[in-house]
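The block underneath contains the structure these notes are about, expressed in structure tokens.
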Number of protein chains: 2
Amino acid sequence: MRTPSGAGGPARRATLSRDRVLRGAIAYADVNGIESLSMRGLAQELGVVPMALYKHVVNKEDLLDGMIEVVVGEIDQAQGTGQWKHDVRQRILAAHKSLLFHPWARAVLESRSSMTPAMLDYLDSLTGLFLAGGLSVDLTHHVMHTLGNRMWGFSQELFAATPKSDTESLNTQRNALPRQRPHLAEIAKAAAHADPSSTVGPGCDDQFEFEFALDLILDGVDTLHARHWSSARPTTTASD
Amino acid sequence: MRTPSGAGGPARRATLSRDRVLRGAIAYADVNGIESLSMRGLAQELGVVPMALYKHVVNKEDLLDGMIEVVVGEIDQAQGTGQWKHDVRQRILAAHKSLLFHPWARAVLESRSSMTPAMLDYLDSLTGLFLAGGLSVDLTHHVMHTLGNRMWGFSQELFAATPKSDTESLNTQRNALPRQRPHLAEIAKAAAHADPSSTVGPGCDDQFEFEFALDLILDGVDTLHARHWSSARPTTTASD
DNA sequence: ATTGACAAGTGTACACCGTACACCTAGATT
DNA sequence: AATCTAGGTGTACGGTGTACACTTGTCAAT
């Protein structure tokens with residue numbers, strides 16, 4: 001609650017902030033690679049002593065979470081056209097673009113053990129596009145798994161946002177989910193209903209999801225094959 | 001070239017070997033998690049001093065590569081039935097099973113910057129199944145990208161096996177590829193021909209591959225949607 | 001049996017990492 | 001002026017990977 005003069009402060013010396021730490025870390029990783037991002041190195045880059053960072057970030061894990069949060073939060077959110085396939089496509093390509101912009105983002109994102117708020121928001125909005133397009137909750141559920149594995153590697157831990165045994169945060173999240181992420185909540189409810197054996201936790205049959213995605217791809221390829229599909233790359237003549 | 005008595009040696013004391021180090025590391029990671037696998041911890045587990053490991057493994061990266069090599073090499077290689085879709089499905093599920101057996105395998109595999117021989121062999125055999133099924137080289141190429149992203153996260157670096165600037169190993173690999181991995185070589189050749197701008201390197205349009213996979217999924221979902229597809233989970237009555 | 005070579009296990013040491021903890025300090029609040 | 005407090009500092013500890021020099025155990029050849 002400081003911010004010396006609101007806007008355009010000179011910010012001499014250090015004057016860190018969580019945002020500056022996160023942005024600094026992102027820039028550092030963009031330039032030097034994520035593997036050489038260290039608390040010490042980042043501190044030096046920011047003209048500060050290493051321990052100063054810990055006033056804005058609980059530890060390195062939190063730093064990485066924050067970096068992902070920023071990147072995912074920057075995913076372009078275009079207005080929908082109402083055609084679900086187009087809108088979904090656009091949204092996913094936007095995510096892909098943001099992740100490609102930071103080469104380290106995908107690996108870091110996949111190394112997180114639970115979803116950050118921005119990730120959940122993104123997934124929720126994507127889910128909403130399918131549902132708005134009239135797809136069943138069931139089908140939407142499975143295609144989210146399929147796509148999720150593609151956009152980033154969450155897959156089986158979509159709804160298992162409780163890494164170890166943090167039952168308190170789990171309950172907090174269960175209560176907060178429906179009102180904040182309505183579309184995800186709808187899917188989670190349906191999945192829990194279909195498989196009552198796991199009232200808490202994923203409620204998803206990982207093997208089923210994997211095979212669903214696999215068969216979707218194989219059947220799609222089969223169709224293309226039957227149609228004598230060809231990619232017709234730009235440098236190739238289309239006469240053949 | 002030691003191996004005291006060929007088979008069934010008592011192996012008192014330490015008597016390491018690359019294989020024992022690798023197996024030990026795999027067991028250690030299976031039990032304690034990959035994040036707590038350290039050279040020191042592994043050495044202690046093997047009843048040996050840390051630096052002893054370095055006589056069988058060039059560094060920790062090499063250790064991780066070796067672990068992946070073992071796991072991928074253990075993927076079940078069933079006889080094909082001649083039906084490409086079935087055979088591909090079977091092969092991929094076998095890979096999935098092996099990776100699931102070692103929870104750390106997927107993350108480690110995706111953290112590798114280049115393909116290990118066993119990975120290349122697996123991909124080559126998979127490619128061969130598509131080609132044997134009559135799919136075009138073109139279509140096979142793209143579906144390999146699509147599936148690759150699913151089985152593990154190689155995607156864009158399939159043919160970019162040269163992480164930094166190791167031109168010598170690149171040349172070695174380029175010469176060795178055709179005779180050892182004929183199916184991959186065929187795809188690589190076709191891709192390089194279609195895009196002559198990059199005589200060395202990927203030769204693949206990452207964005208195209210991503211969109212190909214995305215559209216394959218979206219079109220497949222569209223089809224399922226039109227058919228009023230439902231997953232019909234076991235606990236659900238099929239009457240509805 | 002002695003020697004010598006060589007593969008393999010050892011011990012020490014170093015640079016780097018994340019971060020706990022006590023401290024100081026400058027600005028705001030009272 | 002006294003106090004509080006958010007935030008930057010300094011030191012220190014235990015952990016990591018691994019370079020380098022060493023000892024040792026095993027074999028082939030003498």
Side-chain angles (χ1 to χ4, degrees), chain A residues 1-7 9-25 28-29 32-68 104 107-108 111-113 163, chain B residues 1-7 9-25 28-29 32-68 104 107-108 111-113 163:
Chain A
M1 293 21 174
R2 288 188 61 265
T3 47
S5 56
R12 201 177 301 269
R13 298 298 167 95
T15 52
L16 252 35
S17 73
R18 179 167 234 262
D19 192 64
R20 280 176 60 85
V21 170
L22 263 29
R23 305 273 172 190
Y28 193 101
N32 305 98
I34 191 70
E35 73 283 349
S36 63
L37 171 67
S38 68
M39 299 302 278
R40 294 171 134 98
L42 175 58
Q44 184 161 28
E45 194 76 12
L46 294 173
V48 108
V49 98
M51 288 311 292
L53 302 177
Y54 287 85
K55 285 278 154 51
H56 305 276
V57 133
V58 16
N59 51 27
K60 192 176 182 182
E61 288 289 289
D62 185 40
L63 175 71
L64 294 173
D65 279 339
M67 292 167 71
I68 287 299
W104 46 268
V108 172
S111 74
R112 304 299 81 200
S113 60
Chain B
M1 301 359 181
R2 286 186 61 264
T3 48
S5 55
R12 201 177 301 272
R13 299 296 167 95
T15 53
L16 252 37
S17 72
R18 178 166 235 264
D19 192 65
R20 279 175 60 84
V21 171
L22 262 30
R23 305 272 173 190
Y28 193 101
N32 306 98
I34 191 69
E35 73 284 350
S36 64
L37 170 67
S38 68
M39 300 301 278
R40 294 171 135 98
L42 175 58
Q44 184 161 27
E45 194 76 12
L46 293 173
V48 108
V49 99
M51 288 311 292
L53 302 177
Y54 287 85
K55 285 279 151 55
H56 302 94
V57 133
V58 15
N59 51 28
K60 193 175 183 182
E61 288 289 290
D62 186 40
L63 175 72
L64 294 173
D65 279 339
M67 293 167 70
I68 287 299
W104 47 268
V108 173
S111 73
R112 303 299 80 199
S113 59

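Order of the sequence lines sets the chain letters (A, B, ...), proteins ahead of strands, with each chain counted from 1.
Rounding to the nearest 0.5 Å places CE of A:Met39 at 14.0 Å from CD of A:Gln44.
Checking side-chain atoms of B:Arg18 against main-chain N and O of B:His56 turns up a donor-acceptor pair under 3.5 Å. In this structure, the side chain of B:Arg20 engages the main chain of B:Thr15 through a donor-acceptor pair within 3.5 Å.
Side-chain contact between A:Leu53 and A:Leu42: present, with at least one pair of heavy atoms (C-beta onward) separated by less than 4.5 Å. Contact annotation: the side chain of A:Met67 approaches that of A:Trp104 to within less than 4.5 Å [non-hydrogen atoms, C-beta and beyond].
Atom CG of B:Leu16 is separated from atom C1' of C:dG9 by 9 Å (rounded to the nearest Å). Note: CG (A:Asn32) to P (C:dC17) measures 12 Å, nearest angstrom. Distance CD (B:Gln44) to P (C:dG9): 17 Å, rounded to an integer number of Å. Between the P atom of C:dA20 and the CG atom of A:Leu53 lies a distance of 13 Å, rounded to the nearest Å. Rounded to whole Å, atom C1' of D:dA6 lies 17 Å from atom CZ of A:Arg20. When rounded to the nearest whole Å, the span between CZ of A:Arg18 and C1' of D:dG8 equals 18 Å. Taking atom CG of B:Asp62 as the reference point, atom P of D:dA19 lies 12 Å away to the nearest angstrom. In this entry the distance linking CD of B:Glu35 with C1' of C:dG18 reads 16 Å, nearest Å.
Shown here for A:Ala43 and A:Pro50, the closest heavy-atom pair between the two residues is CB-CA, 3.4 Å. Residue B:Ala25 comes nearest to B:Leu63 through the heavy atom pair CB-CD1, 3.8 Å, listed as atom of the first residue, atom of the second, then distance. Between B:Gly24 and B:Leu46, the shortest heavy-atom distance links the atoms CA-CD2, 4.3 Å. Taking both residues in full, the closest heavy atoms of A:Ile68 and A:Val108 are given as CG1-CG1, 3.6 Å, listed atom of the first, atom of the second, then distance.
With C:dC17, D:dG8, C:dG9 as the candidates, the nucleotide lying closest to the side chain of A:Ala52 is D:dG8.
Between its two ends, the helix from C:dA1-D:dT30 to C:dT30-D:dA1 turns its axis by 10°, counting five pairs per end and rounding to 10 degrees.
A heavy atom lying under 4.0 Å from DNA chain D marks the following residues of residues 54-61 of chain B, by number: B:Tyr54, B:Asn59, B:Lys60.
Under the 4.0 Å criterion applied to side-chain N and carboxylate O atoms, B:Lys60 and B:Asp65 are not assigned as salt-bridge partners.
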Name the pairs: protein N/O against N/O of nucleotides 10-12 of chain D, kept only if under 3.5 Å.
none

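Considering A:Val58, A:Val57, A:Asn59 as possible partners of A:Glu61, the one that fulfils the side chain to side chain contact (heavy atoms under 4.5 Å, CB included) test is A:Asn59.
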